[in-house]
Amino acid sequence: MRSGRVAARGRDEQPPLRLTRRGRRVVAGLSIAFGLSVAAATIAVEVGGAGGGLELAGSTTIVVQDGDTLWSIAGEIAPEEDRRAVVDALLDVNDLPGVDLVPGQVLELP
């Protein structure tokens with residue numbers, strides 16, 4: 001009979017898993033590579049993501065270009081809606097005193 005330790009272990013029982021020095025290095029390297037890929041993906045989303053950042057659902061903005069009017073913006077953002085209603089909604093949402101717009105002005109869309 002072999003040692004009592006081997007005899008106590010059943011035939012179906014597997015020996016404990018042991019990592020060699022090379023195995024530990026591989027596991028450490030994979031962990032580092034995974035961490036770096038997560039960091040790179042996070043940076044890519046922050047720097048080059050669509051829209052340049054996170055936005056809440058339903059809070060979209062538009063930047064006024066030279067020659068834009070509330071009427072033309074209303075036609076672009078809601079072509080199937082009555083433009084008068086969309087212009088009124090733009091005025092209300094942005095607390096605009098009138099219909100005059102300045103290029104570069106940021107408007108929230110209703």
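The first residue in the sequence is number 1, and the count goes up from there.
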Go through the steps for Val64 and Val102 under the test side-chain contact (heavy atoms from CB on, under 4.5 Å), then give the verdict. CA-CA 7 Å; Val64 176; Val102 178; over 6 Å; no
Hey, could you give me the CZ/OG1 distance between Arg83 and Thr69, rounded to the nearest 0.5 Å? 8.0 Å
Over all heavy atoms of both residues, which pair between Val106 and Asn94 is shortest? Give the atoms and the distance, please. O-OD1, 4.4 Å
Quick one: are Leu101 and Leu107 in side-chain contact, heavy atoms under 4.5 Å? yes
Gap separating the CD1 atom of Ile62 from the CD atom of Glu76, nearest 0.5 angstrom: 5.5 Å
Could you grab the distance from atom CG of Asp68 to atom CD1 of Ile73, nearest 0.5 Å is fine? 4.5 Å
Shortest non-hydrogen contact between Ala78 and Val86, atoms and distance: CB-CG2, 3.9 Å
Could you tell me which non-hydrogen atom of Leu96 sits nearest to which non-hydrogen atom of Gln105, and how far apart they are? CD2-NE2, 3.5 Å
Please report the shortest heavy-atom distance between Ile77 and Pro110, naming the atom on each side. CD1-CD, 4.3 Å
Using the rule that two of Ile, Leu, Val, Met, Phe, Trp, Tyr join whenever any of their side-chain heavy atoms come within less than 4.5 Å, decide whether Val93 and Val99 are in one cluster. no
Quick check on Asp66: does its CG atom have over 12 non-hydrogen neighbours (other residues, nucleotides or ligands) under 6.0 Å away? no
